[in-house]
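To start, the structure under review is shown below, and the notes come after it.
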Amino acid sequence: MENTIKHAILDNATALLGTTVDASMIQFQKTRKDFAGDTTLVLFPLVKLAGTSPQQLGERIGTFLKDEQQLVTDFSVIGGFLNLVYPTSHWLDTLRSIDGDTRFGMQPAGSKPAIMVEYSSPNTNKPLHLGHLRNNFLGYSVAEILKAYGHDVVKTQIINDRGIHICKSMLAWRDFSPLNEKGERETPANTGMKGDKLVGKYYVEFDKRFNAEAKTIMERWANGDFEGFDKTTIDKYVEFSAALEGKDEKAQAGIQDKIKELAKNATNILREAKDLLVRWEGRDPEVYLLWTTMNGWVYEGFNETYAKMGVDFDRLYYESETFILGKDLVNEGLEKGVFYRKDDGSVWIDLTGDKLDHKLLLRSDGTSVYMTQDLGTAVDRFNDYPNLSGIIYTVGNEQDYHFKVLFLILKKLGYSWADACFHLSYGMVDLPSGKMKSREGTVVDADDLMDEVIESAREMTSERGHLEGMTEEEKETLFRTIGMGGLKYFLLKVDPKKRMLFDPAESIELNGHTGPFIQYAHARIQSLLTKAGTIEAYDNTELEQSEIEIVKQLADYPKVIEEAALSYSPAVIANYTYELVKLYNQFYQSVNINQEADAAKRAMRLTLSRNVAKVIASSMGCLGITVPDRM
RNA sequence: GGUCCCGUAGCUCAGCUGGAUAGAGCACCUGCCUUCUAAGCAGGCGGUCUUUGGUUCGAAUCCAAACGGGAUCACCA
C-alpha cells in the first residue's frame, strides 16, 4: 500500500511538488497512536523542494491521494506529518491474504544459501549452567529464524572434549575417587549421579587439591624452604618478594597474584595433569581409555539436558578430532611465514600490524591451544559443507578478542570465507547477587533451574484450574511447556548483545511481559475456535479500530522475521509477538467474537483470531517455545 | 594502561538505518468476572534518555570528550 502511494506521488511529482524527486525522499513512518491514520508521510524532506509550508503541501498531497487517486479515505495534516487512512477493504483484503497463507511470514525453504549455526559448545569437565541456557536458546532460536527466512541451516557445536581441563578431572577421579566394597571407583551407574555432574565434581576436587598444594608451597617459600624447586622458579620468587617492599596495597596484591601463579605452576598435581595431556596427545592407551570413559558419562548427562532444553544438533564436531587439522594448519602457516617459532619451540603469530598482540598457537611442549583447534574446526566445516555461505558462532562476548583474532588468522592463511564467519556475541547473564562465579558457588545449574521453573509452573497452573479432563501425561507436558516457555522467553526477550540480569522470581512470573502471557492468549483463542466450529465465509463488513490494529500488526510479521534474521535477534520476534498479544487482548476484551450476532462480523473476528493464533504459534516456534491449546 | 561493549521511570527492559507529547512489564494505587479462559482489560503514579559539546529544520538515536559500570589483553578455555 505504501508502495502504491509512493509511486502515485513520484509519478505526479511535477504537479504536486513542482519538481521530480528521488524515491528516498518519500518517507513513511508508523502513525502515532493518538492520531487517526494507517500510515504517515513525513513532509519535511519534501517541504524544501516544494517551497510551500508543510500544511499546504500536506493538504495538496492528501487531496490528491484521496480525491484523484482514491487510495485513501481520509487524511489529516499535523505539523510536518500527513496521516493517511486506508479504506476498510484494504484491511479485509490483507486479512484474507494472510489467512490463505499457511506458512505466512516464512520464505520458501532453501530459497537462501546454507548457513551453519554453532551454539552450546561446552567443555566436558563441568555441567551446563545458566549461561549455557542463554547460549543454547539463543543459538537454537537464531537457527530457527534463519530457517524461517529461507536458509538451509546446519546446527552444530564444537565439543571441547580435550585439553588440560579434562585431564584435571581425569586425574582427580583416578587418584582421589573412593573405592566401593566391590573395589570400583565412583561411576554414574554405581552412584546414580548424572555423568556430567560426577565429572564436574572431580574437576572441583582437582581445583581444591591444586589450591591446597599451591598454598603449602607458598608457606614453604615464605619460610625460606626452597628444597626441590628449580632455579628459575626460586629466582623469580626472590625477585617478586623483593618487589613487595614499599609498594601500595594494590601493587602488592598484584605481585601476590604472580607469586601464587608461580606456586601453582610448581605443584606436582599440575605437572601430572600436564603429563596426562602430553600422553593423551601421544594416544597413550591407558589415558585414552580413561578419557573415553569419562567423556562418555558427560555426553549422557548433556544429552539429557539438551532434551529437556528442547535443542538439537545436525552435526557434532569434537576438538579431539579437529585439533589435528589445526596442528597441520599451524605447520602450513609456518611454511608460509604467517607464523613464527620461538627458541623454546612455541609457535606464535604477530598481529601487531593489525593493532593486536602476539598470539600463541602451539605450546613449547607441542600441545595445542584453543586457537589451534578452532582453526582446524573452521576449515573442517567448510570442507564438510562446501556450499556453506557462512558460520555463526554463538559465543559469549568475553571471547570477542578471540574471534577477532581467529577470523583474522583464517584470512591471513588465505581462506576467503573468513569474512563470512560471524561471532554472535551475547552478553553475560548476571544474578541479583552479582556475577556467577564457580569459585563462590553462585553458578546456577541448568538442570536445577529447568526443574525449578517446571515445578513452579506445576504449582501455579494447578492453582488456577483449567486442568479438568486432562490426563496426567497431558498435565506434565503442559507444566513443561509453560515452565520452559517462561524461561526461554525470559532469556530471549532481551537483545542478545546486552548483558542481562536474571531474576529467578521474575523468570517464573506468569503475568505481564512473559512467555505464559503469550501462551495464555493462544490457549484462549484455541478454546474460542473449538467452540466456534467451522468459520463461515464472509464478504464485507465494518472494522473496529482494534481490529485494524491487529491486521496491521499481523501484516508486519514477514518484515519482523527478516529483521530478526538479519540482526540475529530473537528479541525482535519476542517483542513483536508481545505487542500482537496485547492488541489481541484489548480486542478480545472489548468486543464479542463467538457471540457476535452479525454473521459477517463473527466470521471475520474468528478469522482474525485464527490468524493471531497462527502467528503466535509460528513466532514462538522461532524462539523454540511451544504454545498449548489450553492452559 | 591499550582495545572493545554498555549507561533510557524505584527495578527489568523496548525504542537507536535521526522525525510528532520517550514506551512496556514489575512494584505501588483505583476500577472491571450472572457473557467467548481475570495467566486478562481499563485507568493513575513514575523521566535532566549519565554529563558536556558538535552535526541537523529536527538528536534518546549520529560524532567527540568526560564520568560511571563491565569484558579482554595467559604456554586457560
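Just so it is clear: chains get the letters A, B, ... in the order the sequence lines come, proteins before strands, and each one is counted from 1.
Comparing B/C49 with B/A24, their C1' atoms sit 15 Å apart, to the nearest whole Å. Rounded to a whole angstrom, the distance from the C1' atom of B/A59 to that of B/U3 is 28 Å. Remark: the separation of the C1' atoms in B/U8 and B/G46 is 14 Å, to the nearest Å. For the P atom pair drawn from B/U50 and B/A27, the interatomic distance equals 26 Å after rounding to whole Å. Going from the C1' atom of B/A22 to that of B/G58 covers 15 Å, rounded to whole Å. With C1' as the reference atom, B/U37 and B/C32 are 16 Å apart, rounded to whole Å. Distance check on atom P: B/A14 versus B/C76 gives 37 Å, rounded to whole Å. Going from the C1' atom of B/C29 to that of B/A65 covers 44 Å, rounded to whole Å.
Remark: A/Tyr584 engages A/Ser609 in a side-chain hydrogen bond (donor to acceptor under 3.5 Å, both in side chains) (not counting sequence neighbours). Looking at residues two or more places apart in sequence or on another chain, you find no side-chain hydrogen bond (donor to acceptor under 3.5 Å, both in side chains) involving A/Asp207. Checked against side-chain hydrogen bond (donor to acceptor under 3.5 Å, both in side chains), A/Glu596 has the following partners two or more places apart in sequence or in another chain: A/Arg605. With sequence neighbours excluded, the residues that form a side-chain hydrogen bond (donor to acceptor under 3.5 Å, both in side chains) with A/Glu59 are A/Gln55. Not counting sequence neighbours, the partners of A/Phe323 by the ring-ring contact (aromatic ring centres under 6.0 Å, His included) test are A/Trp280.
At least one side-chain nitrogen or oxygen of A/Arg363 sits closer than 4.0 Å to the OP1 or OP2 atom of B/C76. Between B/U72 and A/Tyr401, no contact under 4.0 Å exists linking OP1 or OP2 to a side-chain N or O. When the side-chain nitrogen and oxygen atoms of A/Asn575 are compared with OP1 and OP2 of B/A14, none of them lie within a distance under 4.0 Å.
One N or O on the side chain of A/Ser121 and one on the backbone of A/Ile158 form a donor-acceptor pair closer than 3.5 Å.
At a threshold of 4.0 angstrom between heavy atoms, the contacts of A/Ile593 include nucleobase atoms, whether or not backbone atoms are also involved. Using a 4.0 Å heavy-atom criterion, one finds that A/Met428 contacts no nucleic acid atom at all. Among the atoms of the strands shown, base atoms are found under 4.0 Å from some heavy atom of A/Gln399. Across all strands shown, A/Val347 has no heavy atoms under 4.0 Å from either base or sugar-phosphate atoms. Backbone-only contact: A/Leu501 has heavy atoms under 4.0 Å from sugar-phosphate atoms and none from a base. Residue A/His466 is classed as a base contact, given a heavy-atom separation below 4.0 Å to a base. A/Arg464 comes within 4.0 angstrom of a base, heavy atoms only. Residue-level contact check: A/Thr461 touches the bases, meaning some heavy atom is under 4.0 Å from a base atom. At the heavy-atom level, A/Lys498 lies under 4.0 Å from base atoms of the strands shown. Residue A/Asp495 is in sugar-phosphate contact alone, with no base atom involved, counting any heavy-atom pair closer than 4.0 Å across all strands shown.
With salt bridges taken as basic N to acidic carboxylate O contacts below 4.0 Å, one links A/Arg458 and A/Glu455.
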Are there any protein N/O atoms within less than 3.5 Å of an N/O atom in nucleotides 32-35 of chain B, and if so, which ones and at what distance?
unit_1: B/U35; atom_1: O2'; unit_2: A/Gln595; atom_2: OE1; d: 2.7
unit_1: B/U35; atom_1: O2'; unit_2: A/Gln595; atom_2: NE2; d: 3.2

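RNA chain B is contacted by both A/Arg524 and A/Phe502; A/Phe502 maps to the nucleotide lying nearer its 5′ end (nearest heavy atom per residue). Residue whose closest nucleotide on RNA chain B sits further toward the 5' end, between A/Val591 and A/Lys168: A/Val591.
As rounded to whole Å, 15 Å separates atom C1' of B/A71 from atom CE of A/Met436. Between the CG atom of A/Leu406 and the C1' atom of B/U72 there is a distance of 16 Å, given to the nearest Å. In this structure, the CD atom of A/Gln586 is 16 Å from the C1' atom of B/A38, given to the nearest Å. Computed from coordinates, the A/Tyr584 OH to B/U37 C1' distance equals 11 Å when rounded to whole Å. Between A/His522 atom NE2 and B/U37 atom C1' the separation is 14 Å, expressed in whole Å. Taking atom CG of A/Asn135 as the reference point, atom C1' of B/A77 lies 14 Å away to the nearest angstrom. Remark: C1' of B/A74 and NZ of A/Lys260 are 16 Å apart, rounded to the nearest angstrom. Rounded to whole Å, atom P of B/A39 lies 10 Å from atom OH of A/Tyr588.
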Would you list the atom pairs, donor with acceptor, under 3.5 Å between side chains in residues 486-505 of chain A and any protein atom, with sequence neighbours excluded?
unit_1: A/Lys488; atom_1: NZ; unit_2: A/Met309; atom_2: O; d: 2.8
unit_1: A/Lys488; atom_1: NZ; unit_2: A/Gly624; atom_2: O; d: 2.8
unit_1: A/Tyr489; atom_1: OH; unit_2: A/His513; atom_2: NE2; d: 2.9
unit_1: A/Tyr489; atom_1: OH; unit_2: A/Ala574; atom_2: O; d: 2.7
unit_1: A/Lys493; atom_1: NZ; unit_2: A/His513; atom_2: O; d: 3.0
unit_1: A/Asp495; atom_1: OD1; unit_2: A/Lys497; atom_2: N; d: 3.1
unit_1: A/Arg499; atom_1: NE; unit_2: A/Asp430; atom_2: OD2; d: 2.6
unit_1: A/Arg499; atom_1: NH2; unit_2: A/Asp430; atom_2: OD1; d: 3.0
unit_1: A/Arg499; atom_1: NH2; unit_2: A/Asp430; atom_2: OD2; d: 3.3
unit_1: A/Asp503; atom_1: OD1; unit_2: A/Ala505; atom_2: N; d: 3.1

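Nearest approach of A/Phe240 to A/Ile255, heavy atoms of both residues: O-CG2, 3.5 Å.
Annotation: A/Tyr393 is not in aromatic contact with A/Phe422 [ring centroid separation under 6.0 Å not met].
Sorted by first and then second residue, the side-chain hydrogen bond (donor to acceptor under 3.5 Å, both in side chains) pairs with a member in residues 126-135 of chain A read A/Asn135-A/Tyr426; sequence neighbours excluded. Among residue pairs with one or both ends in residues 353-371 of chain A, those qualifying as salt bridge (charged side-chain N to carboxylate O under 4.0 Å, His left out) are A/Asp354-A/Lys412; sequence neighbours excluded. Legend: salt bridge (charged side-chain N to carboxylate O under 4.0 Å, His left out) pairs involving residues 36-46 of chain A, not counting sequence neighbours, sorted by first then second residue: A/Asp38-A/Lys552.
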Just by protein heavy atoms under 4.0 Å, how would nucleotides 19-26 of chain B read 5' to 3' in B, S and -?
-> BBS-SSSS

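B/C62 adopts an anti glycosidic conformation, its chi angle falling more than 90° from 0.
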Quick one: the dot-bracket string of RNA chain B, using Watson-Crick and G-U wobble pairs with both distances under 3.5 Å, [ ] for crossing pairs and | for bases paired to another strand.
-> (((((((..((((.....[...)))).(((((.......))))).....(((((..]....))))))))))))....

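A donor atom on one side chain and an acceptor atom on the other are not found under 3.5 Å apart for A/Thr124 and A/Asp161.
Atom NZ of A/Lys475 has more than 12 neighbouring heavy atoms from other residues, nucleotides or ligands inside a 6.0 Å radius.
Nearest to the side-chain atoms of A/Ser527 among the listed nucleotides B/C41, B/A77, B/U37 stands B/U37.
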